[in-house]
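Notes follow once the structure below has been shown.
The structure presented is a predicted model; accordingly, all values stated were derived computationally and were not measured. Worth knowing before you read on, the calculation uses all heavy atoms, side chains too, and leaves out hydrogens, waters and symmetry mates. The chains referred to below are lettered A, B, ... by the order of the sequence lines, with proteins before strands, and numbering in each begins at 1.
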Amino acid sequence: MSEIKLVYFAWVRERTGCAEETLTVPSTVRTIADLAQFLSTRDEGYAHAFEQPKLVRAAIDRTHVKPDALIEGAREIAFFPPMTGG
Amino acid sequence: MSEIKLVYFAWVRERTGCAEETLTVPSTVRTIADLAQFLSTRDEGYAHAFEQPKLVRAAIDRTHVKPDALIEGAREIAFFPPMTGG
Amino acid sequence: MSARRTIRIQSEPFDSAKETATLSALGSDIGAVATFIGYCRSENGRLKALELEHYPGMAEDEIGRVADEALARWPLDALTIIHRFGVMVPGDGIVFVGTASSHRAASFAACDFLMDYLKTRAPFWKKEILADGRVGDWVEAKADDDAALERWKR
Amino acid sequence: MSARRTIRIQSEPFDSAKETATLSALGSDIGAVATFIGYCRSENGRLKALELEHYPGMAEDEIGRVADEALARWPLDALTIIHRFGVMVPGDGIVFVGTASSHRAASFAACDFLMDYLKTRAPFWKKEILADGRVGDWVEAKADDDAALERWKR
């Protein structure tokens, strides 16, 4: 079990209904993909946010990562849609 | 025989010692390359200007042309070095 | 001389003329300044505004990494990147990228590269505010933008 | 809407901020403005000035042809090309190219294309004035500039 700060942006934030939270994650959740799967079981909003895993990007400690990235040691994990800045 | 206005720029102008002139050209001079060759026989300055024909570019009536371009009907022919604007 | 690296994430408008002048005034050996300004568009009157959300902290970090990559690839004397967040109306500048170099090719390539990377890596998201004031959809990322990145792979 | 095409060959300095602002202010559907400014350089103090000779009449015609080619290739809303002649000192702007479009890729590509073509086709020649005031050599054309053109062959 470990405690992680989670942040959400754009429609991921709107669907989860949450901009920022601190969550205790079971130790079986090892990767970003595991975490997304774990979150999607929390409620309908989270399920909706993560229903198309390919459309959700992630960052660990403010650096882009892939779904297979390990979350161990992370202080802040972010989930968001593909970026549309510029 | 035909009369053509000739203009020279940059070091071609400096070497010929002439910015602009009107010249009567024998009818055996048919192309830009012929004209350059013809001009190079005029004096030392012209010979110097055209000593490396590949370094001299030409325009007929203000449009870039290649050495094999025919000069018939030309009103203004220009000779100059490769361009260095921009 | 080490390159001058300016990165700003702000809600306030930027003055592209001033930013360009700053790049140009760096010295007598700046031969080339390339700039790009991205504006909010109305899309033929469909949009009243765009609202840009960003990830504070990561936006600065990620744009910094992209800037460092550009500085490592091209001999730049300076680069400036400004990205705004908040509500913009059509005609407002959203992003400014400017590069200064002795050489044209470097300034162009770096400016183009920076924009491609900002589009796909900088953590900003645009939401449409429709002409009638209703909140519209989040702008979808374009496959084109990912394709553009392929050009820079070495 | 037909594209706004501005070409000026002049000895006077240009105001790049004003030119950029004009491109940006064209309408609420300009999404992207790319600009390039080429400056006179001192080359580490070696040069006092550059003197630019041009072929009046042909300079306008040839730059017009290059502009038309860009307008035919990319969906531009506007382009501005200003090329100066006469004596310039380090820091002076020599050339300004600006393009406006709905889309980033078009504005960038057209601006880059225009500069490549101006370098090799616009009838301008630079002569060096050395730091001590003596007249130096004519600047030699770079093989790089011809190579750059190859990128645009279709």
Closest non-hydrogen contact found for D:Arg121 with B:Met83 is O-SD, 3.3 Å
Checking heavy atoms, do the side chain of D:Lys119, its backbone, both or neither come under 4.5 Å from chain B?
both
Counting only heavy atoms not in B:Arg30, do more than 12 fall under 6.0 Å of its CZ?
no
Which is it for B:Phe9 and D:His54 under the side-chain contact (heavy atoms from CB on, under 4.5 Å) test, yes or no, and what are the steps along the way?
CA-CA 8 Å; B:Phe9 295 95; D:His54 79 302; over 6 Å; no
Does D:Lys126 reach the main-chain N or O of B:Gly86 with its side chain, forming a donor-acceptor pair under 3.5 Å?
yes
Using the ring of each side chain (for Trp, its six-membered ring), is D:Trp125 parallel, tilted or perpendicular to B:Phe80, with breaks at 30° and 60°?
tilted
What residues of residues 81-104 of chain D make heavy-atom contacts with chain B at a cutoff under 4.5 angstrom?
D:His83, D:Ile94, D:Val95
Does the side chain of B:Trp11 come within less than 4.5 Å of D:Lys127's, by heavy atoms?
no
Do any of residues 129-140 of chain D come closer than 4.5 Å to chain B, heavy atom to heavy atom, and if so which ones, in number order?
D:Trp138, D:Val139, D:Glu140
Per-residue contacts, residues 56-66 of chain D versus chain B, heavy atoms under 4.5 Å:
D:Pro56, D:Gly57, D:Met58, D:Asp61, D:Glu62, D:Arg65
Most heavy-atom pairs under 4.5 Å with chain B, out of D:Tyr117, D:Tyr55, D:Phe124, belong to D:Tyr55
Please list, chain by chain and in numerical order, all residues satisfying side-chain contact (heavy atoms from CB on, under 4.5 Å) with B:Glu20, sequence neighbours excluded.
B:Lys5, B:Val7
Roughly how far, to the nearest 0.5 Å, is the CG atom of D:Asp145 from the OG1 atom of B:Thr84?
9.5 Å
Counting neighbours of CD on B:Glu72 that are heavy atoms of other residues, nucleotides or ligands and sit closer than 6.0 Å, is the number greater than 12?
no
B:Glu44 CD: over 12 foreign heavy atoms closer than 6.0 Å
no
